[in-house]
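To start, the structure itself, in structure tokens.
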Amino acid sequence: MAWNTVKQALSTEPGAQITLKGWVRTRRDSKAGGGLSFIQLHDGTCFDAIQVVAKNDLPNYESEIQRLTTGASLVATGTLVESKGKGQSVEMQASEVTVVGWVEDPDTYPVPQKRHTMEYLREQAHLRVRTNTFGAVARVRHTLAAGIHRFFDERGFNWIHTPIISTSDAEGAGQMFRVSTLDLENLPRTPEGRVDYDQDFFGREAFLTVSGQLNVETYCEALSRVYTFGPTFRAENSNTSRHLAEFWMIEPEIAFADLADNARLAEDMLKYLFADLLERRADDMAFFDQHIEPGVVDRLKGIIESPFKTVTYTEAIDILEKSGKKWEFRVQWGSDMQSEHERYLTEEHFKQPIHVINYPKAIKAFYMRLNDAGTDNAPGETVAAMDTLVPGIGEMIGGSQREERLDVLDQRIREMGLDPQEYWWYRDLRRYGTVPHAGFGLGFERLIQFCTGMKNIRDVIPFPRAPRQAEF
RNA sequence: UCCCCGGUAGCUCAAUUGGUAGAGCGAGCGGCUGUUAACCGCUAGGUCGCAGGUUCGAGUCCUGCUCGGGGAGCCA
């Protein structure tokens, strides 16, 4: 059966006969003209709700309409008219209102029309999307996801579905969740007394992936421009507003490319996404700007308009040392930058997103390309790594040019105490037609946080997974 | 995992030096109003996170546990 969305209705000329289906946000009654009710109806198709006016001549006015409460679902048919009241240009004059689903006890309905804390709503994850804030987050999340696919598609990238289950136990990005069908109460043992993974589902140890990068590199060296966009998993016991155990990551990989190409791609992508978001979801973004973080819209506009700044790690350390700031953690060439350092650089010193490139090799992963000696006049060896830092979030993107030289790669693997044999298929890429290539990883939820101003990452994913949190 | 802070009506919070609980919002009913963060009146609603302990007496003090928040580390 055909019906109209609230979004369509709000942009339709008065006079049209329409049918709307949705949920009641509020109901207000008036005694005027013998009695009428104003129902704010939303269906999630846009930020705004529409006002449905139901008069007392409807057969179920007293029996049903006057008993409607926040959260009830209904179908309303009527005429779109110019509103006689202030606050909206059009409204529906209902000729028929059918209640589809009641709220069984309005007194204990978890999300009545009142102010709620984010923490409380997090405990009502199945209902919180009915609120203005979480409806807006859901639409923005979708728009960014669709924008990502469109951005890459327009540039000839192929979306590669890298596996969720991984058998390499050292992708180098943190603790992994084990995937097993073994009976934990009765584990099979080897003669030496260790767990016998030969008898497990895959005949070996398996985990949920922490990154699709190694896999996607293989497709890069055949399709040239590829990316992954899917869930990744970290079993780190991290309890912060910026970490999830299950989060989505975007990882493009480009062949015949260096670190500068990589940085350009990251910048182009972010600018494209921000512009796309402001255009397609102006209504939701206006809400975030007004109620969640004043200034988000201008912040995104500012980024779209100005080129990103690139600084080397060595320069960044110099800036931090000369800042005159008292650091909780020592600033020293060779040490990884702490949150306070990253935030100072992007929020106070440069006041814009920046790429920090060429990090000391000791603090970065084995697959990052070793720079020539003397690069940046650095006091030690560096790799072609890149972190994109943004105000308010800190690190949003981490990437690198990959090491394409087999001998250098093998040496780096050994230096990290890893076994080259474990990476046999990854090494094959360097044995058969190797090419310079580069890529980066973008945490999708951090991107959403940045665009919306939402403070806690658990509020930008429908059902957050975090230590001791997997209720829904 | 570490450091701080908190857990009292459906929600957000009060409760003096320990003396058996209050408000606002929400909800229900009534009044008023083309209403829209409505307004006015009335009503209902609480094993004060859980388990011990101190005390004549514990929401209030002590211990353990648990849940939530902020920050840090790890990172995206």
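When reading the values below, keep in mind they use all heavy atoms of this one structure, side chains included, and skip hydrogens, waters and symmetry mates. Here the structure is a predicted model, which is why all the values come from computation and not from measurement.
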Between atom CD in A:Glu395 and atom P in B:G73, what is the gap in whole Å?
12 Å
Which value, in whole Å, describes the distance between the C1' atoms of nucleotides B:U47 and B:A21?
14 Å
Calculate the interatomic distance between A:Asp105 atom CG and B:G28 atom C1'; express it in whole Å.
10 Å
Rounded to whole angstroms, how far apart are OH on A:Tyr61 and C1' on B:U35?
11 Å
Take the protein atom CD of A:Gln113 and the nucleotide atom P of B:C25, then report the distance between them rounded to whole Å.
15 Å
Nucleotide by nucleotide, nucleotides 4-13 of chain B touches protein heavy atoms under 4.0 Å in the pattern (B base, S sugar-phosphate only, - none) ------BBS-
Taking only residues two or more places apart in sequence, or in another chain, which ones meet A:Thr382 in a side-chain hydrogen bond (donor to acceptor under 3.5 Å, both in side chains)?
A:Asn371
Go through the structure and list residues passing side chain to side chain contact (heavy atoms under 4.5 Å, CB included) with A:Ile319, not counting sequence neighbours.
A:Tyr344, A:Leu345, A:His349, A:Phe350
Does B:G26 have OP1 or OP2 sitting under 4.0 Å from an N or O in the side chain of A:Thr70?
no
Under 4.0 Å between a side-chain N/O of A:Arg242 and OP1 or OP2 of B:A72, yes or no?
yes
Assign A:Ser37 to base, sugar-phosphate, or nothing according to its heavy-atom contacts below 4.0 angstrom with the strands shown.
nothing
Nucleic acid contacts of residues 325-336 of chain A, taken as heavy-atom distances under 4.0 Å to RNA chain B:
A:Phe329
By side-chain hydrogen bond (donor to acceptor under 3.5 Å, both in side chains) - contacts of A:Asn237 (at least two apart)
A:Asn239
Under the rule for side chain to side chain contact (heavy atoms under 4.5 Å, CB included), what residues qualify as partners of A:Glu64, not counting sequence neighbours?
A:Asn60, A:Val99, A:Trp102
Pairing residues for A:Glu340 by the side chain to side chain contact (heavy atoms under 4.5 Å, CB included) criterion, not counting sequence neighbours
A:Trp327, A:Glu328, A:Phe329, A:Gln338
Summary of salt bridge (charged side-chain N to carboxylate O under 4.0 Å, His left out) pairs that have at least one residue in residues 116-130 of chain A, sequence neighbours excluded
A:Arg122-A:Asp459, A:Arg128-A:Asp459
Go through the structure and list residues passing side-chain hydrogen bond (donor to acceptor under 3.5 Å, both in side chains) with A:His142, not counting sequence neighbours.
none
Classify the nucleic acid contact of A:Thr26 as base, sugar-phosphate or nothing, counting any heavy atom under 4.0 Å across all strands shown.
nothing
For nucleotides 30-34 of chain B, print each protein N/O atom paired with a nucleotide N/O atom at under 3.5 Å, atom names and distance only.
| from | atom 1 | to | atom 2 | distance (Å) |
| --- | --- | --- | --- | --- |
| B:U33 | N3 | A:Asp29 | O | 3.1 |
| B:U33 | O4 | A:Asp29 | O | 2.8 |
| B:U33 | O4 | A:Ser30 | N | 3.4 |
| B:U33 | O4 | A:Lys31 | N | 3.4 |
| B:G34 | O6 | A:Lys84 | NZ | 3.3 |
| B:G34 | N1 | A:Glu91 | OE2 | 2.7 |
| B:G34 | N2 | A:Gln51 | NE2 | 2.9 |
| B:G34 | N2 | A:Glu91 | OE1 | 2.4 |
| B:G34 | N2 | A:Glu91 | OE2 | 3.0 |

note: A:His291, atom NE2; B:A37, atom P; distance rounded to Å ~ 11 Å
Length of the CD1-P vector between A:Ile457 and B:G69, whole Å
14 Å
Writing each nucleotide of RNA chain B 5' to 3' as (, ), [, ], | or . by Watson-Crick or G-U pairing under 3.5 Å yields (((((((..((((.....[..)))).(((((.......))))).....(((((..]....))))))))))))....
Base, sugar-phosphate, or nothing for A:Leu244, non-hydrogen atoms under 4.0 angstrom?
base
Output side-chain donor-acceptor pairs under 3.5 Å for residues 67-74 of chain A, partner residues at least two apart or in another chain, one line each.
| from | atom 1 | to | atom 2 | distance (Å) |
| --- | --- | --- | --- | --- |
| A:Arg67 | NH1 | A:Ser63 | O | 2.8 |
| A:Thr70 | OG1 | A:Arg25 | O | 2.8 |
| A:Ser73 | OG | A:Gly101 | N | 2.9 |

Heavy-atom nearest nucleotide on RNA chain B for A:Met249 versus A:Lys455: which residue maps closer to 5'?
A:Lys455
Is A:Asn239 near enough to B:G68 that one of its side-chain N or O atoms lies under 4.0 angstrom from OP1 or OP2?
no
